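No hydrogens, no waters, no symmetry mates; every other heavy atom, side chains included, goes into these values. Worth saying up front: this structure is predicted, and the values here are computed from it rather than measured.
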Amino acid sequence: IPPLPPGSIGVFRIVPNQALEPEKVTSMEVGYRHILGSVSLDITAFQMNFTKLITQVQKSQQTVIGVPVQLVVTNQYVNTGDAKDKGLELALTWRPDPKWTCGFNGTWLDYKLDATGTTPTYTPKLKANLWARFTSGSLSAYAAFQHVDEVDMEVLGISGTGSPLVKRDAINQLNLHLAKTFPGGWGLAVYSRNALKDYTDQGGGGPTRVAYLMSARRESGLTLSYRF
C-alpha cells in the first residue's frame, strides 16, 4: 500500500486464540567456580528446550478512509513450534589491590528454531562486558565497555507482506562514572552513558524510512546529591 498521509493514526488489535497452548521450557545448567588468590573464575554451560513457542503474528491489516485515516492492524498470539537455546557464560574477576576491581563477563548463545534451523530475531550470538571499579576513601570511579553482536530485527509490516528483516549492526558502548562524597552528606558525580555514539540503535523499524529504530542516546551530566 502507498505511504499513509500525514495525520494518520495506527490502530493495533489483538484477537483471542482459543487453540493457544501453554509454552513449556525444560532447562539444564552446569557450572564451575575456581578462586585463586585475587582472581575468581565462573563458567556455566546451559541448554533450554522450548516447546510450543508463543509468538505474536499479524493476521490482517487494512486502511480505513476517514478523518483521520486509520491503519488497522490485527495480531494474534499463536504457537509456532519448538526451539533450542544453548550457550556458555563466563565471568572473570580480578582484584589486584583493595582499591581496584576489574572484571569481564560474556555470554555466547546458539538459539535455533527446530522447524527452520534459523536464529530468531533480536538474538545476538555474543554479549560481553569489560569493566573496572576504583574506590579510595570518598572517591569512586567506574568504567564499563559493552559489546553486543549484530542481529536481525523485524520492521513494521506496513507493506502487507509480513515483517521483513533488517540487520542491526554490532553495538559497542562505554559508560563512565566518577563520584566524590563530602562531609555532611553531600555528594558530587559526573557521568557519561553510551559515550561512544550519539545514538545507539536498539529495536524495530519501518519500511518507509531507512529504519525507524528505538535508540539509546548519549547522556552526560553532573549530579549533586545530599544524603540525610
**Asked** When rounded to the nearest 0.5 angstrom, what is the spacing between CZ in Phe182 and CG in Leu188?
**Response** 5.5 Å
**Prompt:** At their closest point, which heavy atom of Met48 faces which heavy atom of Val25, and how far apart are they?
**Reply:** CE-CG1, 3.8 Å
**Prompt:** Would Thr101 and Arg133 count as having a side-chain donor-acceptor pair, cut-off 3.5 Å?
**Reply:** no
**Request:** Would you indicate whether the side-chain heavy atoms of Phe46 and Glu89 approach each other to under 4.5 Å?
**Result:** yes
**Asked** Is there a path from Leu130 to Val39 through hydrophobic residues (I, L, V, M, F, W, Y) whose side chains come within less than 4.5 Å of each other?
**Response** yes
**His147/Leu126 under side-chain contact (heavy atoms from CB on, under 4.5 Å): CA gap, chis, key distance, verdict** = CA-CA 8 Å; His147 171 83; Leu126 178 67; 4.2 Å; yes
**Request:** Determine, using the 4.5 Å side-chain heavy-atom cutoff (strictly less than), whether Leu90 and Trp131 are members of one ILVMFWY cluster.
**Result:** no
**Request:** Check whether any side-chain heavy atom of Asp110 sits under 4.5 Å from a side-chain heavy atom of Lys125, and report yes or no.
**Result:** yes
**Fill in**
Between Thr123 and Val151, the two heavy atoms sitting closest are C-CG1, 3.6 Å
**Asked** Got a second to check how far Thr119's OG1 is from Leu113's CG, nearest 0.5 Å?
**Response** 7.5 Å
**Request:** Taking the side chain as every heavy atom from C-beta outward, state whether Lys112 and Lys84 have any pair of such atoms under 4.5 Å apart.
**Result:** no
**Message:** Walk me through whether Ser138 and Lys180 qualify under side chain to side chain donor-acceptor pair (under 3.5 Å).
**Reply:** CA-CA 6 Å; Ser138 60; Lys180 169 75 174 177; 2.7 Å; yes
**Request:** Spell out, as yes or no, whether a donor-acceptor pair under 3.5 Å connects the side chain of Arg227 to the backbone of Gly185.
**Result:** no
**Request:** Determine whether Tyr191 and Glu219 make a side-chain contact, defined as any pair of heavy atoms from C-beta on separated by less than 4.5 Å.
**Result:** yes
**Message:** Let's go through Thr181 and Trp186 carefully: what are the C-alpha distance in whole Å and the side-chain angles of both, what is the deciding distance for side-chain contact (heavy atoms from CB on, under 4.5 Å) to 0.1 Å, and is it a yes or a no?
**Reply:** CA-CA 6 Å; Thr181 58; Trp186 290 97; over 6 Å; no
**Request:** Check whether Leu88 and Tyr32 end up in the same hydrophobic cluster, where Ile, Leu, Val, Met, Phe, Trp and Tyr are linked by side-chain heavy atoms less than 4.5 Å apart.
**Result:** no
**Message:** Rounded at 0.5 Å granularity, tell me how far CG in Leu222 sits from CG in Leu178.
**Reply:** 10.5 Å
**Message:** I want to check something: taking the side chain as every heavy atom from C-beta on, are Val73 and Arg13 in contact at a cut-off of under 4.5 Å?
**Reply:** no
**Prompt:** Which heavy-atom pair separates His177 from Ala189 by the least distance, and what is that distance?
**Reply:** NE2-CB, 3.9 Å
**Message:** Can you confirm whether Leu41 sits close enough to Leu36 that some side-chain heavy atom of one is under 4.5 Å from a side-chain heavy atom of the other?
**Reply:** no
**Asked** How far apart are the C-alpha atoms of Leu109 and Asp85, what are their side-chain angles, what is the distance that settles it, and do they pass the side-chain contact (heavy atoms from CB on, under 4.5 Å) test?
**Response** CA-CA 7 Å; Leu109 289 176; Asp85 181 13; 3.5 Å; yes
**Request:** Scan side-chain atoms only and decide if Thr107 and Lys127 contain a donor-acceptor pair under the 3.5 Å cut-off.
**Result:** no
**Any Asn79 side-chain heavy atom under 4.5 Å of Ile54 side chain** = yes
**Request:** Count the heavy atoms of every other residue, nucleotide or ligand shown that sit under 6.0 Å from CH2 of Trp94, and state whether that count exceeds 12.
**Result:** no
**Message:** Checking the side chain of Asn129 only, and the main-chain atoms of Gln146 only, is there a donor and an acceptor separated by less than 3.5 Å?
**Reply:** no
**Request:** Decide yes or no for Leu139 and Phe134: does some side-chain heavy atom of the first lie under 4.5 Å from some side-chain heavy atom of the second?
**Result:** yes
**Message:** So, taking the atom named CZ in Phe50 and the one named CD in Glu23, what distance separates them when rounded to the nearest 0.5 Å?
**Reply:** 6.5 Å
**Complete:** To the nearest 0.5 Å, atom CG of Asp82 lies from atom CG of Leu53 at 7.0 Å
**Asked** With the 4.5 Å side-chain cut-off for hydrophobic clustering, are Ile43 and Leu92 part of the same group?
**Response** yes
**Fill in**
d(Leu174 CG, Ser192 OG) to nearest 0.5 Å is 7.0 Å
**Donor on one side chain, acceptor on other, Asn175 and Gln173, under 3.5 Å** = no
**Prompt:** What is the ring orientation for Phe228 with Tyr226, classed by angle as parallel under 30°, tilted 30 to 60°, or perpendicular over 60°?
**Reply:** perpendicular
